[in-house]
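Let me begin by presenting the structure, written as structure tokens, before commenting on it.
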There are 2 protein chains.
Amino acid sequence: MLKEISIGEAAKRSGVKVPTIRYYEQIGLLAAPARTDGNRRHYEDTDIRRLAFIRHARELGFEIDSIRTLLHLQDDPNQPCETADGIANARLIEVEQRIRSLNALKAELELMVEGCRHGRVAECRVIEILADHGKCAHAQH
Amino acid sequence: MLKEISIGEAAKRSGVKVPTIRYYEQIGLLAAPARTDGNRRHYEDTDIRRLAFIRHARELGFEIDSIRTLLHLQDDPNQPCETADGIANARLIEVEQRIRSLNALKAELELMVEGCRHGRVAECRVIEILADHGKCAHAQH
DNA sequence: GCTACATGCTCTAGTGACTAGAGGAGCAAG
DNA sequence: CTTGCTCCTCTAGTCACTAGAGCATGTAGC
């Protein structure tokens, strides 16, 4: 007889924390699994794969709603993959924008930190730049 | 007699939205201003500068608690500026890490999107990579 | 003075994606 | 049989706002 996968075991195998698994069940991202006599959840291998899929997508910054769509697509392999492609593409554009904006922030933070002469707050470059946006180096923010 | 600055005017001048200004007052980030006879807030120029400071810091991704500390420092210009420097430095390190991680994500998303042949979901690279972390290009995530 | 309409007020609840904690039950090992 | 771990449900908290209800006040045109 196969050993049943407890929620703790599922967490270990998928890398998704126990309360998060329960949360995903609650919001309907993961189907409610069967229960043991003692009312404990037990999972199948397919659930573990689904959890790993979700975790990976979350790491890539996809929103729960996008993941919901991606999971539906995965369940129906004959559909054209334009929707999946579109979601990934949208996310790629987001990430590119975020990188650009973070690079601008980085430049400005470097200016602050380098300009700081470790003296008094009165002549601190960090405080000064924060107080006056005009002192920013053309940062796109 | 000077024209009093209403909350709407303060919002325009500082770039912080009206409900957000009230929120900052509520959490004690901005001192409660004086009120008119009709119980409306009216602000001074110093409040506007403080709001602009907060807005700029928020744009740079500083947390409210850090901003609280930075504001205290600004109020006391004789203090050494190490704390401010430390906060900015911590934020810089965060931003640098975030950029690295986003670059890894970008690479992976590009792989997905480029690999997609616009066919069926069954052979879609997007879904495939999401389902199997092992297919990632050594991404640090 | 009257009528719109904008702007202000307070208060509560909602967002996203979890996370923390209370209070209890089940289960395996020593 | 007791210890200690994992599990259960439920509620509330996190962060930094944002949205909306329901009302009061202020202002511009007539």
Side-chain angles (χ1 to χ4, degrees), chain A residues 1 3-30 32-43 47 50-71 87 90-91 94 98 141, chain B residues 1 3-30 32-43 47 50-71 87 90-91 94 98 141:
Chain A
M1 186 178 168
K3 190 155 179 295
E4 284 167 350
I5 304 171
S6 71
I7 194 165
E9 184 62 24
K12 252 178 245 160
R13 291 200 206 171
S14 67
V16 180
K17 286 186 215 150
V18 170
T20 306
I21 295 177
R22 283 196 280 249
Y23 168 71
Y24 286 160
E25 180 183 326
Q26 190 193 304
I27 61 166
L29 199 60
L30 191 74
R35 300 279 184 135
T36 64
D37 291 350
N39 196 34
R40 304 190 161 197
R41 291 166 179 84
H42 69 269
Y43 294 91
D47 297 315
R50 215 169 171 86
L51 279 169
F53 184 101
I54 296 169
R55 189 189 130 222
H56 193 190
R58 286 294 301 137
E59 279 172 355
L60 289 169
F62 290 98
E63 289 169 10
I64 297 284
D65 258 13
S66 302
I67 297 175
R68 212 183 286 274
T69 307
L70 290 169
L71 283 169
I87 291 171
R91 179 71 192 134
E94 258 176 52
R98 190 95 185 98
H141 64 261
Chain B
M1 184 180 167
K3 191 156 178 295
E4 285 166 348
I5 304 171
S6 71
I7 195 167
E9 183 62 25
K12 253 179 243 160
R13 291 202 206 170
S14 66
V16 179
K17 286 185 215 152
V18 169
T20 307
I21 295 177
R22 283 196 280 249
Y23 168 71
Y24 287 160
E25 179 183 327
Q26 191 193 302
I27 62 167
L29 199 61
L30 190 74
R35 301 277 184 137
T36 64
D37 290 350
N39 195 35
R40 302 188 163 199
R41 292 166 177 85
H42 69 269
Y43 295 91
D47 297 315
R50 215 171 171 85
L51 279 169
F53 184 102
I54 297 170
R55 190 189 129 220
H56 194 189
R58 286 293 302 136
E59 279 171 356
L60 289 169
F62 290 97
E63 288 171 10
I64 297 284
D65 258 13
S66 302
I67 297 175
R68 213 184 285 274
T69 308
L70 290 169
L71 283 169
I87 291 172
R91 179 70 193 134
E94 257 176 53
R98 191 92 186 101
H141 65 259

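Computed from a predicted structure; not experimentally measured. Residue numbering restarts at 1 for every chain, and letters A, B, ... go by the order of the sequence lines.
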If you only use heavy atoms from C-beta on, which nucleotide in [options] is closest to the side chain of [X]?
X	options	answer
Tyr24(A)	dA25(C), dC18(C), dC9(C)	dC18(C)
Arg35(A)	dA16(D), dG26(D), dC8(D)	dC8(D)
Ser6(A)	dC18(C), dA16(D), dC7(D)	dC7(D)
Lys17(B)	dA17(C), dG26(C), dT18(D)	dT18(D)

Provide the closest heavy-atom pair for [X] versus [Y] in the form atom of the first, atom of the second, distance.
X	Y	value
Ile5(A)	Ala10(A)	CG2-N, 3.7 Å
Asp47(A)	Leu30(A)	O-CD1, 4.3 Å
Ile7(B)	Arg22(B)	CD1-CG, 3.5 Å
Arg68(B)	Gly28(B)	NH1-O, 3.6 Å
Leu51(B)	Val16(B)	O-CG2, 3.7 Å

Roughly, in whole Å, what's the span from [atom1] in [X] to [atom2] in [N]?
X	N	atom1	atom2	result
Arg41(B)	dG26(D)	CZ	C1'	16 Å
Glu25(B)	dT18(D)	CD	P	17 Å
Glu59(A)	dC18(C)	CD	C1'	15 Å
Ile64(A)	dT15(C)	CD1	P	14 Å
Ile7(B)	dA6(C)	CD1	C1'	15 Å
Ile27(B)	dT18(D)	CD1	P	12 Å
Ile21(B)	dC9(C)	CD1	C1'	14 Å
Arg40(B)	dC23(D)	CZ	P	17 Å

Comparing Thr36(B) and Glu63(B) on DNA chain D - which has the more 5′ nearest nucleotide: Glu63(B)
Residue mapping more 5' on DNA chain D - nearest nucleotide basis, Gln26(A) or Tyr43(A): Tyr43(A)
Heavy-atom donor-acceptor pair, Arg22(A) side-chain to dT9(D) base, under 3.5 Å: no
